[in-house]
2 protein chains.
Amino acid sequence: MKNTTMDLLAIGQKAKESSEILRKLDSQSRNKALLAMAKSLEEQKTVILEKNNQDVNNAREDGMATAMLERLTLDNKRFVSMVAGIRKIAQLPDPLAQTRKQWVNDLGLRISQRSVPLGVIGIIYESRPNVTADASSLCLKAGNAVILRGGKEAIATNIAIVEAIQTGLESVGLSKYCVQLISDPDRQLVTQLMQMNQYVDCLIPRGGAELIQNVVQNATVPVIETGVGNVHIYVHETADFEMAKAIIVNAKTQRPSVCNAVETIVVDEAFANAHLSQIGNALFDANVQILGDEQTRKLLPYSVQASEKDYKTEFLDLVVAVKVVKNYAQAIEHISRYSTGHSEAIITQDYSVAQDFMNDIDSAAVYVNASTRFTDGEVFGFGGEIGISTQKLHARGPMGLEALTTYKYLIEGSGQIRN
Amino acid sequence: MKNTTMDLLAIGQKAKESSEILRKLDSQSRNKALLAMAKSLEEQKTVILEKNNQDVNNAREDGMATAMLERLTLDNKRFVSMVAGIRKIAQLPDPLAQTRKQWVNDLGLRISQRSVPLGVIGIIYESRPNVTADASSLCLKAGNAVILRGGKEAIATNIAIVEAIQTGLESVGLSKYCVQLISDPDRQLVTQLMQMNQYVDCLIPRGGAELIQNVVQNATVPVIETGVGNVHIYVHETADFEMAKAIIVNAKTQRPSVCNAVETIVVDEAFANAHLSQIGNALFDANVQILGDEQTRKLLPYSVQASEKDYKTEFLDLVVAVKVVKNYAQAIEHISRYSTGHSEAIITQDYSVAQDFMNDIDSAAVYVNASTRFTDGEVFGFGGEIGISTQKLHARGPMGLEALTTYKYLIEGSGQIRN
């Protein structure tokens, strides 16, 4: 399955053609396609898991780190959950064919804003093979064709998954080109995908900072930037100690490898003097390494000196930076300087301070007295998630099906002309 | 007023700082600032008109075409209308501080989606000096700082307008850096603006195809692509002749230089045989040059042979291309191939055909029995317009104040952690 430069244009053109058909498909037909995809994946389960095993073995031989291998692995449990995910998406409400707004203007023109698909969506991601099925299903549910570019480590798995999806699509009379995979590892093809404005309406990069920056820097197709979360929790002096401890330990340790895990704790001096040692101990017991400023180091003798760079780092690991501040203003200043605009939380019992924090912090998700781990489409009730946007255009924060749609205006008249 | 590379970073940083203040300003304070801007512009009217006269004279000496000179000119009437526009924007409803949605999830987290400003907006435009005041006012009303880059022909006018605006801002205690102008004509600075992701949240290019493509190709900051309209009107065989004639003449001649003016008329053969000669005569009487295919040329002997390129061209002039088709399917095929996704209309008396057209055409504005000249924020009731988006992300079609906002999620809990 070798793609040349010529082929990528063909992929784009076929995606565009498929999107024209998907755009006009009713909700029932799109859901039927999703169920057929799920069924076909189940039928190909043995092959897919075998291919994944092959990918994992190759990656291990190439010396891939354990955490990465873990992401690459598609075991039985994950496979079942992946397929169940598709069936769940089929049951979600249709994000299309809704009239978002409608009014009649003073000339009697009836103006409607109607939800429609984006068209062709390019997804550029890393080694998690479940993204192949998740992203395809969400895009299809919202009436979009999709061009996938997964990490080369997962290539055999992705080819097998996409073949199963395409078989499913064809079994209900749809074109297999609704879901296509760029399987050639040539990096030049990714650049070409990012600049194929005539065929691609939107790019969603999913992965680490380097992948995302590559897309932002090189794309001419509109991009929804996702992901990088240098997440802060600010513990106000009025915070409830038990609540602060529980939230911090949860936000750091419940799943440290994800973007909504906390990376820096900012603590009011008064709270730190009273309680930081106990919170430090709880983190220490959970095997978290603590990087602290001078004051933290005095209170937590086992902590390591934090550098400027540490406050900028998304560790995605059992490591946390701690910064002790004199007051609210210093906390806001620190967070504003280092935040990537993903998720930040305050823990406080002070009503006014909570309101101020929600106004002052300019992040996609701003929390009061809750773990930052909740920044997630599922938790927000979107039924699925295509990523978490850290930019301000189009969609911000967890993106569900609505983020995969746009709208058009329909203007119905009776011969009106403009004076 | 020479900007160096160093200065542009300073402009960005000051815009960012100003946006932090604007973000927290209540509606009343933003409106007060707008009224102060309007007052200050009135006070500087003589200077501004003088500077504009200077710009126009220089441009005329440099051999600028009449149509361009017309756009550059700021006469008394336009000045009055520009200032009145700012006062009108002050009276519009506040697009901020609205809770778009709010719900409580199954863990008891209260999740709100609240409207907030985009932050810093870069506007890159051509020679119309009124854009300087219009764009600044709309951005400010929505709580954004703005960095302006107008055409070099209007430089003296733009400097005078921005100085007046800044004086107005300072008179109500706001920083003049809320509205800044890149007055150095060095093109390198535009490229730098387009890649200043750390300070600029969004770019809106306004102008011709070349300017817009330059921004799309070179920006790393998210862009809202505006403007280019290769607009079609399809005359179905059931169309009412008088209505068709009135709409076509209006859409072509009422203001031919704008993006919502029609560029190609697609006509069903049956209608063409019966009525095209009369419509052609009406266009001919209005000094419109007609470029037609074989069948058109037979019906309209004064028409000129249309080339493939003509069907792709946004004439922005008293020129129209005509294409005769056998049926609806051929019409949709022609429009889908050549449309830029801006505005298209059908003229028909057939209910089902009207419905089909609204489903089949994938443009920002789709009309039934009305002139395409209505694609306009003012007509749509937005009270103003920052441009007409021809992309699908964020905003599509006429963009009012809402397009200059984004949202953030506020999540209020009582100690919830994730299992």
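- Closest approach of A/P222 to B/L393, counting heavy atoms only: CB-CD1, 3.6 Å.
- Of the atoms belonging to A/A364, it is backbone heavy atoms, and not side-chain ones, that fall under 4.5 Å from chain B.
- Residue contact with chain B, scored on non-hydrogen atoms closer than 4.5 Å, involves the backbone and the side chain of A/L410 alike.
- Remark: A/N369 CG to B/Q416 CD distance equals 9.0 Å, nearest 0.5 Å.
- A/A395 touches chain B through backbone and side chain together, each having a heavy atom under 4.5 Å away.
- Put simply, NZ on B/K392 and OG1 on A/T405 are 11.5 Å apart, with the number rounded to the nearest 0.5 Å.
- The number of heavy-atom neighbours closer than 6.0 Å to CD of A/E20, taken from other residues, nucleotides and ligands shown, is above 12.
- By the neighbour-count criterion of 12 heavy atoms within 6.0 Å, atom CD of A/Q355 is densely surrounded, having more than that number from other residues, nucleotides or ligands.
- Of the two parts of A/N197, only the side chain, counted from C-beta on, holds a non-hydrogen atom closer than 4.5 Å to a non-hydrogen atom of chain B.
- For A/E412, the parts lying near chain B are the backbone and the side chain together; criterion is any non-hydrogen pair under 4.5 Å.
- When heavy atoms are compared at a cutoff of 4.5 Å, B/L109 approaches chain A solely by way of its side chain, counted from C-beta outward.
- You'll find the side chain of B/Q213 stays beyond 4.5 Å of the side chain of A/T220, heavy atoms only.
- Taking the six-membered ring where tryptophan is involved, the planes of A/W103 and B/F380 are perpendicular, since the angle between them exceeds 60° and thus also 30°.
- Most heavy-atom pairs under 4.5 Å with chain B: of the set A/D106, A/I347, A/I361, this distinction falls to A/I361.
- With a 4.5 angstrom heavy-atom cutoff, A/V223 touches chain B only via backbone atoms.
- Of the atoms belonging to A/N105, it is side-chain heavy atoms, and not backbone ones, that fall under 4.5 Å from chain B.
- Highest contact tally toward chain B, considering only A/N419, A/T372, A/V116, A/N218, is held by A/N419 [criterion: heavy-atom pairs under 4.5 Å].
- Residues B/G413 and A/A370 come closest through the heavy atom pair CA-CB, 4.4 Å.
- Using a 4.5 Å cut-off between heavy atoms, A/R110 makes no contact with chain B at all.
- In this structure, the portions of A/I417 lying under 4.5 Å from any heavy atom of chain B include both its backbone and its side chain.
- Heavy atoms only, all atoms of each residue included: A/R114 and B/N359 are closest at NH1-OD1, 2.7 Å.
- B/D362 and A/K408 are not joined by a salt bridge, as no carboxylate oxygen comes within less than 4.0 angstrom of a charged side-chain nitrogen.
- In this structure, no portion of A/V249 lies under 4.5 Å from any heavy atom of chain B.
- When heavy atoms are compared at a cutoff of 4.5 Å, A/R255 does not approach chain B at all.
- Only the side chain of A/K101 comes within less than 4.5 Å of a heavy atom in chain B; its backbone stays farther off.
- Of all the listed residues (A/R23, A/E242, A/Q217, A/Q113), the one sharing the greatest number of non-hydrogen pairs under 4.5 Å with chain B is A/R23.
- Contact of A/S363 with chain B is made through the backbone alone, with heavy-atom distances under 4.5 Å.
- In this structure, no portion of B/V221 lies under 4.5 Å from any heavy atom of chain A.
- Between A/D360 and B/K24, the closest heavy-atom pair is OD1-CE, 3.4 Å.
- Looking at B/F374 and A/L107, their side chains come closer than 4.5 Å, going by heavy atoms from C-beta outward.
- Nearest heavy-atom pair across B/Y407 and A/R396 is O-CD, 2.8 Å.
- Most heavy-atom pairs under 4.5 Å with chain B, from the set A/Q195, A/M243, A/M358, A/E225: that is A/M358.
- Per-residue counts of heavy-atom pairs under 4.5 Å with chain B were compared for A/S414, A/C202, A/A246; the largest is that of A/S414.
- Side-chain contact between A/N250 and B/R418 is present, with at least one heavy-atom pair separated by less than 4.5 Å.
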